[in-house]
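In what follows, chains carry the letters A, B, and so on, assigned in the order in which the sequence lines appear, proteins first and then strands, with residues in each chain numbered from 1. What you see below is based on every heavy atom in this structure, not just the backbone, and it leaves out hydrogens, waters and symmetry mates.
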Amino acid sequence: MNFLSLFVLIPLLMMLALLPCKSMKQIRGVMVAGASALLAGAVALLIAFMWERNAGNTAEMLFTASELWFAPMNIHYAVGVDGISVAMLLLSSVIVFTGVFASWTMQPLTKEFFLWYLLLSTGVFGFFISVDLFTMFMFYEVALIPMYLLIGIWGSGKKEYSAMKLTLMLMGGSAFLLIGILGIYFNSGPAGEQTMNILEIAKHYIPVSAQLWLFPITFLGFGVLGALFPFHTWSPDGHASAPTAVSMLHAGVLMKLGGYGCFRVAIFLMPEAAHELGWIFVILTTISVLYGAFGAIVQTDLKYINAYSSVSHCGLVLFAILFLTQTSMTGAVMQMLSHGLMTALFFALIGMIYGRTHTRDIREMGGLMKVMPFLAVCYVIAGLASLGLPGLSGFVSEMSIFFGAFQKGASLFRRALTVAACASIVVTAVYILRVVGKILYGGVQNNEHLTLKDATWYEKISLTTLIVCIAAIGIAPLWLSDLIRESFLAFKRGVLFL
Amino acid sequence: MDLSNFLLMRHEISLVALFVLLLGYDLFASDNAKKHFQLVACLLFAVHTLVGFCPAATGEVFGGMYVTNNMHLLVKNILNIGVLLVFLQTNAWLQTPNTVVKRGEFFMLTIFTLFGMYLMISSGHFLLFYIGLETASIPLATLAAFDKYRHNSAEAGAKYVLMAAFSSGVMLFGISLLYGATGALYFSDIAPKIVSNPMTILGMVFFLAGMFFKISLVPFHLWTADVYEGAPTPVTAYLSVVSKGAAVFVLSILAFHVFTNLAVEWKLIFQWIIVITITAGNLFAVRQNNIKRFLAFSSISQAGYIVLGVLAGSAFGMATIVYYILAYLFSNIAAFGVIASIEAKTGKLNISDYNGLYQTNPKLSLTLVLALFSLGGIPIFVGFFSKFFIFFAAAEAGYYVIVFIALLNTIISLYYYLLPIKAMLINKNDSPIEAFKTDGYNRISLTLCVIGIVLVGLISPIFHYIEKLSAGM
C-alpha cells in the first residue's frame with residue numbers, strides 16, 4: 001500500500017468516524033482532526049517530493065505504485081504524483097481544511113452534510129493521485145454525485161434546478177470522457193498490450209489518426225468541468241446555489257479537475273492532436289475568458305459575480321495549456337492554484353457576509369468596511385489577488401500565461417487571441433473594484449447592518465490560511481515552478497513547444 | 001447413459017425436491033404449523049442456493065438436449081440468489097388476509113417458473129428450450145394475477161398470458177422456419193447449417209422477436225409497464241430481474257452459438273433495437289409518477305444496456321452480460337424491496353408520496369438511494385462497474401457510436417433516477433410516510449442487497465471468475 005492512498009483513506013476513515021457522532025462538538029472534532037491530517041499529509045508529500053527531486057530523481061511520476069484490479073481489461077489501481085498533482089493535492093487539502101471552518105455552524109443535518117462533503121473530497125483526492133484512466137474516471141464521478149445532494153439539500157435560491165443542471169451537464173461531460181477513455185485504451189498498443197496506465201500510454205504513441213478524434217472529445221469532456229464555453233452554464237447557477245463550503249470546494253478544486261484532466265489526459269497523451277486541433281479550443285477558451293469577465297460586470301449577486309469570474313479564470317487555465325509552451329503551462333498550473341485559493345477565499349467571504357446581512361445583492365449593501373473590518377480587508381485582498389496585483393498569486397500566474405502564449409514562434413492568430421484574452425485583466429479590474437467600492441466603502445445602506453459583528457475565530461482561521469497561501473505563491477513563486485518543471489519532460493517528443 | 005448422468009441435472013433435481021417438500025408441507029401441515037411457512041420456504045431455498053455453489057460435474061444428458069457447464073451453473077446460481085432475495089421480501093405482502101391462504105402457491109409457482117428458466121438455460125435443443133420457456137411463462141401469468149381482487153393485478157395476469165402466448169407463437173413460427181431450412185433442432189446441428197438466405201433470416205427475426213418480447217425490448221415492450229404496475233410488487237421484482245436475466249443470457253447463447261453465421265444480420269438488428277430501447281425506455285421513465293411504472297421503464301432501458309453486451313459478440317461480452325445481470329439483480333431487488341415494504345405498510349406507490357421519507361425512515365430511503373445510484377451507474381456501486389464493462393465490450397467490438405448514444409442516455413437516466421432521490425432527501429412534506437419498522441425478512445434481504453451493491457463491484461475476483469468461465473463457452 002502506497003502512502004499516497006492515505007489521501008483517499010483518510011476521508012473514508014473520517015466518514016466512518018463521523019457515523020457514531022452525536023453532538024456538534026464531536027463532528028467538529030473529527031472534521032478538524034481529519035482535515036488537519038490531510039493538510040499535514042499534503043505538506044509532508046510536498047517536502048518528500050522536493051527531496052526526491054533535489055536528490056536527482058527526474059522520473060515523470062514519483063511514489064508510483066500499481067495493484068492489478070481487473071485483469072481482463074488491464075485495469076490497475078495505480079497511483080503516482082508529479083509536481084502538478086502535488087500542487088493540486090496541496091490546494092485540495094487547504095480548501096478542505098478551510099471549508100471545515102467555513103461551515104462551522106452548518107445546520108441542519110450536520111452529519112450528513114459532512115459525510116457527503118467527505119465523499120466529494122475522496123473523489124477529488126483520488127482523482128489527483130490516479131495514473132490509471134479507469135480509477136481516474138471513477139474518482140471523477142465519485143466527486144460529481146455528492147454535489148447534487150450538497151447543493152440540493154443545503155443550497156439556497158433555485159437550488160434544485162441548479163443541482164440538477166450541474167449534475168446532468170457534468171455527467172454529459174463524463175459521457176464524452178468515457179468514450180475518450182475507451183478509445184485511448186483500444187489505441188494504446190497492439191491487442192494484448194493495451195493499457196489504461198497513463199505513463200505506459202505516454203510511452204507508446206497513440207496513432208495520430210486516432211488522436212484526431214480522441215483529443216477533441218476528451219478535451220471537451222474535461223472542459224465541461226473546467227467551464228469551457230459554451231458548456232459553462234452549469235457553473236454560475238451551481239456556485240450561486242451551493243452552500244459556502246461546497247462553493248469553495250467546487251470552484252476551488254472541482255473545476256481544477258477539468259484543467260488537470262485536460263492536461264493529464266488530453267494534452268499529455270495526445271500532444272500531436274493538441275498541436276493540430278488546439279486552435280478550435282483556443283478560440284473557445286478565449287471566448288470563455290472574455291465572456292466570463294463581461295458576464296461578471298453586469299451581475300448584482302455577489303456569488304454570480306464570482307461564478308462568472310471563475311469561468312473567466314478557469315478559461316485562462318485551459319487557454320494556457322493549449323499553447324504547449326513550458327512558460328504557459330507553468331502559468332496554467334499556477335493559475336489553477338491561485339484561482340483555487342482566491343475563489344475559495346471569495347466564496348468563504350461571501351458566505352460569511354451573507355450569513356450576517358442575509359443578502360447577496362450588492363445594491364443592498366454598503367460601507368461594510370466600518371462594520372466588519374476584518375472581513376472587508378480580506379475581501380479587498382482577495383479582489384486584488386484576482387485582478388493580478390504584484391505580490392499576490394494572480395499576478396504571477398497571469399504573467400506567465402501571457403508571456404508563454406505570446407512567446408517567439410507563436411502564430412499571428414494565436415497572438416491576436418492572446419491579446420484579446422489579455423484584455424480580460426482590465427475587465428476583471430472593473431468588476432472587482434466595482435464590488436469593492438459598492439459594498440465596502442461609502443455609507444452604510446441599511447441601518448440594520450450597523451449592529452453586525454466582525455469575523456469569529458473560526459472564520460479567521462479559514463480566511464487567514466487562504467490569504468497566507470495566496471501571498472506565499474505571490475511572493476515566492478519560484479518553488480512552484482521548480483516543483484512542476486519535470487512534469488513537462490514528456491513533451492520532449494518533438495512537435496511541441498512551438 | 002447410466003443413472004449417475006442424472007446428477008448433471010442436480011440444480012433441477014434439487015429444485016423439484018424443494019417443490020415437492022413445500023407442496024407436502026402446504027397440503028398436510030396443520031394451520032398452526034403453517035404459520036412458519038415463510039421461514040421454512042426461505043430456509044429451504046437458502047439451502048438450495050448454497051448447495052448450488054458446490055462444485056458440480058458438467059456434460060450432456062439426453063443426447064445433447066440438456067447441456068450443462070460451469071457458466072450455466074453460475075447463471076443458475078445467480079438466479080437463485082435473486083429468487084431468494086425476492087422470497088425474503090414477500091413476508092409483509094403474504095401476511096395480508098387475502099393472500100395468506102394461498103401463500104404456499106406463491107412459492108411453488110415461483111419455483112416452477114424458475115425450473116422453466118433452468119431448462120431454458122441448459123437447453124441444447126429447441127424443443128427443450130421451448131418447454132422451458134413455456135414452463136417459465138405460464139405460472140408467471142398466474143403470479144401476476146395473484147392479487148386477483150385488485151382489478152389491475154387481474155389485468156396484468158391477462159395481459160401477460162396473452163402476450164406470452166402471442167410471442168411464443170411468433171417464436172415457434174421462427175423455429176419452424178429454421179427447422180425447415182436446416183432440418184435440425186439441435187443447436188449444435190443448426191449452427192453450421194444456417195446460411196444467410198431470406199428463409200433463415202426470417203426465421204431468426206421471428207425467433208428474436210419472441211425473445212425480445214420476453215426481455216421487453218422496444219418495440220416489443222408494450223405489456224411491460226401495465227404488467228409491472230399491476231402485478232404484486234415482489235412478483236414485479238421477480239419479473240424484472242430473474243425472468244429478464246435468464247432470457248438475456250439465453251439470448252446471448254443463441255446469438256453466439258446458433259446464429260453464428262448470421263452474425264452480420266443479427267448485429268444490425270441489435271444495434272437498432274438497442275438504440276431504440278434505451279432511448280424510448282428512458283424517455284418514458286422520465287414522465288412516470290407511479291414508482292412501479294417508473295421502474296418498469298427503467299428496466300426496459302436497462303435491458304437495452306444488457307443487450308449491448310450481446311452485440312459485442314465475444315466471450316468477454318458474455319461475461320459482461322452475466323456480470324450486468326448480477327449487478328442489476330442486487331440494485332433492482334433492493335429498490336423493489338423498499339417499495340414493497342412501503343406499499344405493504346401504507347399502500348402508497350407514487351413518487352410524490354416519498355417526499356420527506358428521509359426524515360422519517362432514513363435507512364429505507366438510503367437503501368433506495370444506493371439502489372438508484374447503482375442503477376444509474378454511479379461509482380463505487382456495482383452498477384457503475386457493470387455499465388463500464390458492457391461499454392468496454394461494445395467498444396472493443398468497435399461500436400463507439402452505439403456506446404456514445406447509450407452514454408448520452410445514462411444522462412437522461414440519471415435525471416430520472418435522481419427524481420425519487422430528490423423526493424426523499426430534498427423535498428419537504430408536511431405529512432410524510434410515518435416511521436415504521438420493516439419486517440425482519442425484508443431487512444435481511446435489503447441488507448444482502450446493500451452488501452451486494454457496495455462490494456460486488458469493488459471485489460474484482462468476482463468478475464475474474466465470471467470472465468474465466470465465459471472464456472470456456
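- Rounded to the nearest 0.5 angstrom, B/Ile421 CD1 and A/Ile145 CD1 are separated by 7.5 Å.
- Taking A/Val142 as the reference, A/Leu119, B/Pro379, B/Ile380 meet the side chain to side chain contact (heavy atoms under 4.5 Å, CB included) condition, with sequence neighbours excluded.
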Heavy-atom donor-acceptor pairs under 3.5 Å, chain B with chain A:
residue  : atom : partner  : partner atom : Å
B/Tyr358 : OH   : A/Glu112 : OE2          : 2.5
B/Leu458 : O    : A/Trp69  : NE1          : 3.0
B/Ser460 : OG   : A/Trp69  : O            : 2.8
B/His464 : NE2  : A/Trp69  : O            : 3.3
B/His464 : NE2  : A/Ala71  : N            : 2.8

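- Ranking B/Leu458, B/Leu418, B/Ile378, B/Ile412 against chain A, the residue ahead of the rest is B/Leu418, based on heavy-atom pairs under 4.5 Å.
- Legend: residues meeting side chain to side chain contact (heavy atoms under 4.5 Å, CB included) with A/Val208, ordered by chain and number and at least two apart, are A/Leu212, A/Glu272.
- Interface residue A/Ile179: backbone and side-chain heavy atoms are both found under 4.5 Å from chain B.
- The shortest heavy-atom contact between B/Gly457 and A/Phe70 is O-CZ, 3.3 Å.
- Put simply, CE on A/Met171 and CD1 on B/Ile411 are 7.0 Å apart, with the number rounded to the nearest 0.5 Å.
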Table please: side-chain donor-acceptor pairs of residues 7-17 of chain A below 3.5 Å, with sequence neighbours left out.
none

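- Contact annotation for A/Ile75: only side-chain heavy atoms (C-beta onward) come within less than 4.5 Å of a heavy atom of chain B.
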message: Set out, in order, the CA-CA distance, both residues' side-chain angles and the distance that settles side-chain contact (heavy atoms from CB on, under 4.5 Å) for A/Met164 and B/Leu414, then state yes or no.
response: CA-CA 10 Å; A/Met164 193 60 99; B/Leu414 188 68; over 6 Å; no
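- Environment of CZ in B/Phe284: sparse, with no more than 12 heavy atoms of neighbouring residues, nucleotides or ligands closer than 6.0 Å.
- Between A/Phe137 and B/Phe388, the ring planes are tilted. Angles from 30° to 60° get that label.
- Between chain A and the options B/Phe392, B/Phe404, B/Phe316, the largest number of non-hydrogen pairs under 4.5 Å is found for B/Phe392.
- Both the backbone and the side chain of A/Met73 come within less than 4.5 Å of a heavy atom of chain B.
- Proximity to chain B is limited to the side chain of A/Leu149, based on heavy atoms less than 4.5 angstrom apart.
- Ranked by heavy-atom pairs under 4.5 Å with chain A, the first of B/Leu425, B/Ile459, B/Leu408, B/Val403 is B/Leu425.
- Ranked by heavy-atom pairs under 4.5 Å with chain B, the first of A/Ala163, A/Gly123, A/Gly152 is A/Gly152.
- Looking at A/Leu109, only its side chain comes within 4.5 Å of chain B, counting heavy atoms on both sides.
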field: Candidate pair B/Phe385 and A/Phe134, rule side-chain contact (heavy atoms from CB on, under 4.5 Å), full reasoning
entry: CA-CA 10 Å; B/Phe385 294 93; A/Phe134 177 79; 3.7 Å; yes
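- Each of A/Ile181, A/Leu178, A/Ile217 has some count of heavy-atom pairs under 4.5 Å with chain B, and the biggest count is that of A/Leu178.
- Using a 4.5 Å cut-off between heavy atoms, B/Phe373 touches chain A through its side chain atoms alone.
- Heavy atoms of B/Phe463 lying under 4.5 Å from chain A belong exclusively to its side chain.
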